[in-house]
Amino acid sequence: MELLKGRLGVPGHMVRRIDVAGAGGVRLAAWEFTDPPKIGGGLEEGEQRPGVLLLHGLMGRASHWAATARRLSARHRPVALDQRGHGRSEKPAEGPYDREAYVDDAIAAIEQLGLAPVALVGHAMGALTAWQLAARRPDLVSALVICDMRASALGAASQREWTEWFRSWPVPFATLADVRKWFGEDDPTLERPRPARGEFFAEVMAERADGWRPVFSRRQMLSARETWVHDAHWEELAQVPCPALVVRGLDAELGRAEAQEMVRVLPRGAYAEIPDAGHLLPWEQPDAWCAAIEPFLHAATMPS
């Protein structure tokens with residue numbers, strides 16, 4: 001594993017990039033946010049912080065988790081993964097971008113980074129990867145946080161809507177301010193302005209010769225989504241043996257009734273709801289998000 005020093009997401013903090021070999025040899029970038037423990041820093045000699053693997057959603061990237069990771073680093077070893085097709089990780093032209101590849105990549109990261117038993121924190125598609133992994137490899141997982149991901153099938157109409165939405169993007173954007181404005185205010189799918197959404201998308205843009213474009217391929221994102229929108233995922237939820245917290249925003253895509261049914265289906269499920277937050281709740285309400293997950297992770301991962 002090649003270790004690289006770099007800055008990511010939070011001014012004044014160093015992070016470490018660790019290259020991981022994913023399924024089929026795909027090169028993945030993992031980002032560790034924990035500074036090396038200092039002498040007298042609260043850990044006994046030889047004691048290690050329990051690992052947390054943060055999995056972004058479709059179109060996300062590891063750097064989106066920087067603030068959450070910094071909050072968790074006092075007690076945990078947080079690592080965020082740029083999943084295949086995203087961020088600084090490899091984006092193979094023909095994939096695969098199926099569920100098995102994403103789960104296998106996350107398993108490879110856990111094993112190569114020595115994170116097990118790990119707490120998995122996933123947003124949207126990353127949450128689905130997390131609970132599928134926890135169901136398949138319970139030996140690797142100590143706890144699970146599911147952030148705004150539905151267990152029900154979304155269906156073909158949802159995929160068609162996403163295709164049309166991608167076509168509506170006014171790419172290339174002339175400036176990052178235009179990115180923030182379009183995704184935070186002007187996107188016709190928005191019911192009201194969401195500045196955090198504009199910031200979220202500004203972080204997944206890169207400057208090209210003709211302007212700002214996404215760092216991912218929209219075609220690849222649709223390919224990844226195609227592999228899970230037509231299926232329900234309740235059976236795998238029921239196979240997750242570790243403590244699991246389902247978190248939703250009041251205005252999120254996961255409705256309250258479905259979220260509470262997910263909690264019921266999970267053998268050790270718990271529920272948290274954050275007001276005045278939508279799909280991007282960790283970035284819209286970061287303090288409330290961390291207040292919901294920190295006690296859960298502490299109880300689930302720390303030795304009693």
Side-chain angles (χ1 to χ4, degrees), residues 2-22 24-31 33 54-67 69 80-97 101-102 105 123-126 159-190 193-227 279-280 283:
E2 182 183 359
L3 303 186
L4 301 172
K5 286 286 188 179
R7 294 186 183 274
L8 188 72
V10 179
H13 285 289
M14 296 295 288
V15 297
R16 183 167 63 137
R17 172 178 168 165
I18 308 172
D19 290 342
V20 171
V26 170
R27 295 186 305 278
L28 305 173
W31 303 88
F33 291 84
L54 299 141
L55 299 172
H56 61 72
L58 197 71
M59 303 182 296
R61 66 185 305 170
S63 60
H64 280 139
W65 288 120
L81 181 67
D82 273 331
Q83 294 167 83
R84 62 175 57 212
H86 297 77
R88 300 283 183 87
S89 288
E90 193 175 353
K91 304 167 179 64
E94 301 307 319
Y97 293 102
Y102 280 103
D105 285 348
H123 176 249
M125 183 189 75
Q159 191 73 346
R160 288 194 298 271
E161 288 167 5
W162 270 66
T163 303
E164 290 303 313
W165 179 58
F166 276 148
R167 287 176 182 155
S168 76
W169 291 17
V171 173
F173 294 91
T175 67
L176 273 183
D178 291 335
V179 173
R180 293 186 182 97
K181 187 172 187 300
W182 195 83
F183 287 102
E185 300 176 29
D186 298 342
D187 182 346
T189 64
L190 282 176
R194 291 193 176 274
R197 189 173 185 261
E199 293 295 336
F200 183 94
F201 279 96
E203 193 138 350
V204 292
M205 297 288 161
E207 191 171 18
R208 310 295 186 203
D210 58 350
W212 293 83
R213 294 178 175 273
V215 298
F216 51 79
S217 155
R218 286 171 284 176
R219 178 185 63 81
Q220 291 177 354
M221 297 301 99
L222 286 172
S223 296
R225 199 171 184 274
E226 183 73 32
T227 66
H279 181 58
L280 298 176
W283 303 280

- Is a side-chain donor-acceptor pair under 3.5 Å present for S63 with E203? yes

- Note on the structure: Closest heavy-atom pair, G87 versus V215, reported as atoms and distance to 0.1 Å, is N-CG2, 4.3 Å

- Query: Heavy-atom distance under 4.5 Å between the side chains of D210 and P172, does that happen here?
  - Reply: yes

- Could you tell me the separation between the CD atom of E185 and the CZ atom of R194, rounded to the nearest 0.5 Å? 13.0 Å

- Item | Steps toward side-chain contact (heavy atoms from CB on, under 4.5 Å) verdict (R27, D19) | CA-CA 7 Å; R27 295 186 305 278; D19 290 342; over 6 Å; no

- Query: Any idea which heavy atoms bring A80 and F33 closest together, and the distance?
  - Reply: CB-CE1, 3.8 Å

- Query: Does the pair R16 and I18 meet the rule for a side-chain contact (heavy atoms from CB on, under 4.5 Å), with working shown?
  - Reply: CA-CA 6 Å; R16 183 167 63 137; I18 308 172; 3.8 Å; yes

- Item | Euclidean distance, Q83 CD relative to L58 CG, rounded to 0.5 Å | 9.5 Å

- Item | Minimum heavy-atom distance A174-W212, with the two atoms named | O-CD1, 3.6 Å

- Task: Taking ring pair (Phe, Tyr, Trp, His ring centres under 6.0 Å) as the test, write out the residues that go with W162, two or more places apart.
- Result: W165, F166

- Message: Within this structure, what is the CD-CE distance for the pair E226 and M221, rounded to the nearest 0.5 Å?
- Response: 14.0 Å

- Item | Residue pair F201 / F173, side-chain heavy-atom distance below 4.5 Å | no

- Minimum heavy-atom distance W182-P188, with the two atoms named: CZ2-CD, 4.0 Å

- Task: Taking only Lys NZ, Arg NE, NH1 and NH2, and the carboxylate oxygens of Asp or Glu, determine whether D178 and R180 approach each other closer than 4.0 Å.
- Result: no

- Task: Heavy atoms only: give me the nearest K91-Y97 pair and the separation to one decimal.
- Result: C-OH, 3.2 Å

- Task: Taking Q159 for its side chain and L222 for its backbone only, find out whether a donor-acceptor pair lies under 3.5 Å.
- Result: yes

- Query: Just how far is it from atom CG of L280 to atom CZ of R197, taken to the nearest 0.5 Å?
  - Reply: 7.5 Å

- With H86 via ring pair (Phe, Tyr, Trp, His ring centres under 6.0 Å) - residues at least two apart: H56

- Hey, what do you get for OG (S223) to CD (E94), rounding to the nearest 0.5 Å? 8.5 Å

- Atom pair OG (S168) and CG (D187), whose distance is rounded to the nearest 0.5 Å: 6.0 Å

- Start with the C-alpha distance between H279 and H123, add both sets of side-chain angles, then the distance that settles side-chain contact (heavy atoms from CB on, under 4.5 Å), and finish with yes or no. CA-CA 9 Å; H279 181 58; H123 176 249; 3.5 Å; yes

- Query: Is any side-chain heavy atom of R88 less than 4.5 Å from a side-chain heavy atom of R17?
  - Reply: yes

- Query: D82 versus L28: any side-chain heavy-atom pair under 4.5 Å?
  - Reply: no

- Message: With heavy-atom distances below 4.5 Å as the criterion, would you say the side chains of E161 and E164 are in contact?
- Response: no

- Minimal non-hydrogen separation, L81 against A30, with atom names: CD1-CB, 4.1 Å

- Query: Side chains of F200 and F183: closer than 4.5 Å at any heavy-atom pair?
  - Reply: no

- In chain order, what residues pass the ring pair (Phe, Tyr, Trp, His ring centres under 6.0 Å) check against Y102, with sequence neighbours excluded? none

- Message: Could you walk me through whether L176 and M205 satisfy the side-chain contact (heavy atoms from CB on, under 4.5 Å) test, starting with their C-alpha distance in whole Å, then the side-chain angles of each, then the deciding distance to 0.1 Å, before giving a yes or no?
- Response: CA-CA 8 Å; L176 273 183; M205 297 288 161; 4.3 Å; yes

- Query: Can you tell if the side chain of P92 reaches within under 4.5 Å of the side chain of V26, non-hydrogen atoms only?
  - Reply: yes

- Query: Can you tell if the side chain of R84 reaches within under 4.5 Å of the side chain of P96, non-hydrogen atoms only?
  - Reply: yes

